[in-house]
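Notes to accompany the following structure.
The chains referred to below are lettered A, B, ... by the order of the sequence lines, with proteins before strands, and numbering in each begins at 1.
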There are 2 protein chains.
Amino acid sequence: MRIGELAQASGTPIETIRFYEREGLLPAAPRTEGNYRIYTPQHAERLGFIRQCRNLDMTLDEVRVLLRFKDQPLAACGEVNSLLDEHIGHVAERIRELRGLEKELRSLRAACLTPHVAADCGILNGIDQAGAHGAAQRKRRHVRGAH
Amino acid sequence: MRIGELAQASGTPIETIRFYEREGLLPAAPRTEGNYRIYTPQHAERLGFIRQCRNLDMTLDEVRVLLRFKDQPLAACGEVNSLLDEHIGHVAERIRELRGLEKELRSLRAACLTPHVAADCGILNGIDQAGAHGAAQRKRRHVRGAH
DNA sequence: GAAAACCCTGAAGTGAGTATAGAGTCAAGG
DNA sequence: CCTTGACTCTATACTCACTTCAGGGTTTTC
């Protein structure tokens with residue numbers, strides 16, 4: 001099949017498929033005479049695996065590790081287990097952070113129940129003190145935030 | 001004070017301060033004869049506000065909106081309220097998504113309790129079906145994920 | 001007067017794509 | 001045979017919120 005069909009079948013934008021090839025996640029597809037990529041069901045399966053990993057919010061580096069194991073079926077899979085454990089840890093931590101954040105945002109929101117002049121806005125004035133009561137500094141994190 | 005002192009006092013890397021100036025979040029600081037930026041306590045306060053907003057996981061565009069209100073103290077602050085409401089919504093949604101994700105990851109992890117050969121690994125084989133039971137496709141989101 | 005500590009600018013890199021420009025290929029219709 | 005439209009190709013730039021780097025200049029301290 002050609003790239004458009006693979007894109008359709010896998011729910012992946014065409015550009016993303018080409019991007020995965022450039023990144024070495026998908027092998028370089030063979031070409032037709034007219035220089036069109038042609039894919040086999042094996043390519044589709046591998047792409048499906050990558051997309052599932054991305055749905056599970058793994059980085060492409062994590063996916064690369066898992067693909068390495070897929071490609072070496074005789075290797076021991078202990079590293080797979082610990083990769084997943086670590087990833088679960090990151091997700092759990094990010095949930096905790098976001099819960100704290102939500103609490104803080106809601107209490108900030110409660111400071112301005114009806115609109116008035118900006119100078120007196122409980123939100124704008126509240127932000128200056130926000131987190132003063134012990135909220136942690138933002139740190140580099142592994143799981144994406146709100147944006 | 002000079003930029004290093006402001007960085008120290010605010011817990012912000014020097015390059016980030018210069019970046020905020022380039023982005024127009026901080027006004028261009030006056031310079032010494034030797035072309036060093038000099039800052040007043042007002043600059044420090046504004047930087048503190050920006051950093052608090054970032055701690056609350058707002059985008060710089062959201063911060064720009066809030067700063068606009070800080071700079072126009074007589075404007076009505078209704079937009080501030082709705083910006084915050086929307087932001088709270090994004091955070092809450094991201095928490096829901098990550099909870100579902102964590103559940104899925106944990107059930108995947110349970111498929112391989114002891115390491116064996118990669119070809120038989122319940123995790124690697126499970127990923128192919130992961131989300132087949134109705135998990136939503138990843139969508140463009142506002143709040144960062146796990147990475 | 002020299003070394004260390006500080007500061008400057010401009011450009012490029014990060015992750016994981018997305019978007020665009022400009023060109024080539026292919027099948028169907030006239 | 002020619003054109004139209006759908007499809008594909010490459011290369012490049014853009015996103016966001018910084019971070020890092022190269023290659024200098026300035027100020028302070030010994």
*First of Thr16(A) and Thr32(A) reached from the 5' end of DNA chain C, by closest nucleotide*: Thr16(A)
*If you check the Thr59(B) side chain, which of dG17(C), dA17(D), dC8(C) turns out closest?*
dA17(D)
*5′-ward residue of the pair Arg64(A)/Glu21(B) relative to DNA chain C*: Glu21(B)
*Are Leu60(B) and Leu101(A) linked, directly or through other ILVMFWY residues, by side chains that come within less than 4.5 angstrom of each other?*
yes
*Let me know, please, whether Gly34(A) or Arg22(A) comes out on the 5' side of the other along DNA chain D by nearest nucleotide.*
Gly34(A)
_Nearest to the Arg51(B) side chain among dC7(D), dC18(D), dC9(D), which nucleotide is it?_
dC18(D)
*Report the distance from atom CD of Gln8(A) to atom C1' of dC7(D), rounded to the nearest whole Å.*
13 Å
*Return the value, rounded to whole Å, for the distance between atom CD1 of Ile14(B) and atom C1' of dC8(C).*
11 Å
*Gap between atoms CG and P, on Asp61(A) and dA16(C) respectively (whole Å)*: 7 Å
*asked:* Whole angstroms only, please: what is the CD-C1' distance between Glu23(A) and dG17(C)?
replied: 9 Å
*Within this structure, what is the CD1-to-P distance between Ile17(B) and dT9(C), rounded to whole angstrom?*
13 Å
*Side-chain N or O of Tyr36(B) less than 4.0 angstrom from OP1 or OP2 on dG25(D)?*
no
*Please tell me which of the listed nucleotides, dT19(D), dC18(D), dC8(C), lies nearest to the side chain of Glu15(B)?*
dT19(D)
*Could you give the CG-to-C1' distance, from Asp57(A) to dG15(C), as a whole number of Å?*
13 Å
*Verify the contact: side-chain N or O of Arg37(A) to OP1 or OP2 of dC9(D), cut-off strictly under 4.0 Å; return yes or no.*
yes
*Ignoring backbone atoms, establish whether Arg54(B) has a side-chain N or O less than 4.0 Å from OP1 or OP2 of dC18(D).*
yes
*Under the side chain to side chain contact (heavy atoms under 4.5 Å, CB included) criterion, do Ile123(B) and Leu83(A) qualify, and how do the steps go?*
CA-CA 11 Å; Ile123(B) 294 175; Leu83(A) 185 152; over 6 Å; no
*Once you round it to whole Å, what is the distance between P of dC14(D) and CZ of Phe19(A)?*
18 Å
*Do the non-hydrogen side-chain atoms of Asp128(A) and Lys70(B) ever get within less than 4.5 Å of each other?*
yes
*Heavy-atom distance under 4.5 Å between the side chains of Arg46(B) and Leu25(B), does that happen here?*
no
*Contact class for Arg18(B) (heavy atom, under 4.0 Å): base, sugar-phosphate, or nothing?*
base
*asked:* In this structure, how many angstroms lie between the P atom of dC7(C) and the OH atom of Tyr39(B), rounded?
replied: 10 Å
*Does a side-chain heavy-atom distance below 4.5 Å link His43(B) with Met1(B)?*
no
*Where the side chain of Arg31(B) is concerned, which of dT9(C), dT20(D), dT18(C) is the nearest nucleotide?*
dT9(C)
